[in-house]
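Note that the structure is predicted; figures quoted are calculated from it, not measured.
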Amino acid sequence: MKNTLITSLAAISAIALGGCQIVMVQDAPGPRSSYYDGDFEHAGHKGAVYTIVRGNPFGGSPEQFAKIVRTTMKDQARAGRPVSFIGKHNETTYKPYKVVVAFNPGNRNGDDLCKSADYPQSRSTTTKVVMAFCFGDSLKSSSTGWVDGLKSVNDPNFTKLVKETTNAMIPAQDAHDIGEGGNVSN
């Protein structure tokens with residue numbers, strides 16, 4: 001009975017939302033064994049995190065697209081302080097931390113992206129973005145977002161997709177079930 005009700009509600013929701021553009025975001029379920037409370041704060045303590053952006057679902061200049069993505073990501077991660085995302089290491093970044101943002105990377109996940117940001121871009125009516133927070137080639141945390149029917153970076157759902165996926169990339173708790181500020185999650 002319960003499964004039938006859940007299935008029916010899911011089907012009704014899918015029909016009702018069929019014509020809508022919905023931004024869906026998923027972060028890996030916690031606790032994450034390689035992420036520790038404060039990792040991202042440490043990575044961004046100088047003010048910025050080196051960020052690689054790959055793929056451009058809309059065509060045009062990859063450099064301009066990457067700049068728009070990084071600007072949209074600014075201050076969206078759970079860092080407790082302002083953090084910028086920039087395209088090269090400098091005095092405001094802390095090596096070997098990096099973020100890799102991949103648009104339409106097929107079935108590549110965050111772990112794959114930390115090891116190599118190069119991948120063949122897949123074509124789809126759904127825009128998918130995978131974000132990986134890395135320490136060198138090792139994954140700390142990641143998130144994935146999707147939305148159907150995007151036509152350009154000027155679509156409000158593009159901004160929502162990038163902001164929400166950035167926020168989900170940094171977990172609220174670490175591998176020890178300790179949340180921000182040292183609180184034990186129940």
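V53 and V100 end up in different hydrophobic clusters when Ile, Leu, Val, Met, Phe, Trp and Tyr side chains are linked at under 4.5 Å. Under a hydrophobic clustering in which Ile, Leu, Val, Met, Phe, Trp and Tyr are joined whenever their side-chain heavy atoms come within less than 4.5 Å, directly or via other members, V101 and M169 fall into the same cluster. In this structure, L150 is a member of the same hydrophobic cluster as V23, with clusters built from ILVMFWY side-chain heavy atoms closer than 4.5 Å. In the hydrophobic clustering of ILVMFWY residues, with side-chain heavy atoms under 4.5 Å counting as a link, F65 and V147 come out together. No continuous path of hydrophobic side-chain contacts links F103 to L113 [ILVMFWY only; heavy atoms under 4.5 Å].
Residues satisfying the salt bridge (charged side-chain N to carboxylate O under 4.0 Å, His left out) criterion with R54, sequence neighbours excluded, are D118. A search for salt bridge (charged side-chain N to carboxylate O under 4.0 Å, His left out) contacts involving D137 returns K98, not counting sequence neighbours.
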### Criterion side-chain contact (heavy atoms from CB on, under 4.5 Å) on T93 and N90, from CA distance to verdict
CA-CA 6 Å; T93 63; N90 65 24; 4.1 Å; yes

### Query
Can you check side-chain contact (heavy atoms from CB on, under 4.5 Å) on Q76 and T165, steps first, answer last?
CA-CA 9 Å; Q76 296 304 309; T165 308; over 6 Å; no

### Query
Does the pair V83 and V49 meet the rule for a side-chain contact (heavy atoms from CB on, under 4.5 Å), with working shown?
CA-CA 7 Å; V83 175; V49 175; 3.9 Å; yes

### Task
Show your reasoning for whether side-chain contact (heavy atoms from CB on, under 4.5 Å) applies to V25 and T144.
CA-CA 6 Å; V25 176; T144 304; over 6 Å; no

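The distance from atom NZ of K140 to atom NE2 of H42, rounded to the nearest 0.5 Å, is 9.5 Å. Interatomic distance, M24 CE to D148 CG, rounded to the nearest 0.5 Å: 10.5 Å. The line from CG of L161 to CD of E164 is 8.0 Å long, rounded to the nearest 0.5 Å. Atom CZ of F133 and atom CG of L139 lie 9.5 Å apart (nearest 0.5 Å). Atom CZ of F85 and atom CZ of R70 lie 11.0 Å apart (nearest 0.5 Å). Rounding to the nearest 0.5 angstrom, the gap separating the NZ atom in K46 from the OG atom in S84 is 14.5 Å.
Between the side chain of K128 and the backbone N or O of G106, at least one donor-acceptor pair lies under 3.5 Å. In this structure a side-chain-to-backbone donor-acceptor pair under 3.5 Å is missing from T127 to T125. Without hydrogens or angle criteria, R108 side chain to S116 main chain gives a donor-acceptor distance under 3.5 Å.
Between Y50 and Y94, the ring center distance fails the sub-6.0 Å criterion. Ring-centre distance between Y97 and F40: not below the 6.0 Å cut-off.
For the residue pair N104 / S122, no side-chain donor-acceptor distance below 3.5 Å is found, with atom types taken as modelled.
Annotation for I170 and A77: closest pair CG1-CB, 3.8 Å, computed over non-hydrogen atoms. Listed here is the closest heavy atom pair of V162 and M131: O-CE, 3.7 Å.
In this structure, Q121 and P57 have side chains that are in contact, with non-hydrogen atoms separated by less than 4.5 Å.
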For residues 151-159, please give each side-chain donor-acceptor pair under 3.5 Å, one per line with the distance, not counting sequence neighbours.
residue : atom : partner : partner atom : Å
S152    : OG   : N154    : N            : 3.1
D155    : OD1  : N157    : N            : 2.8
N157    : ND2  : Q21     : OE1          : 3.2

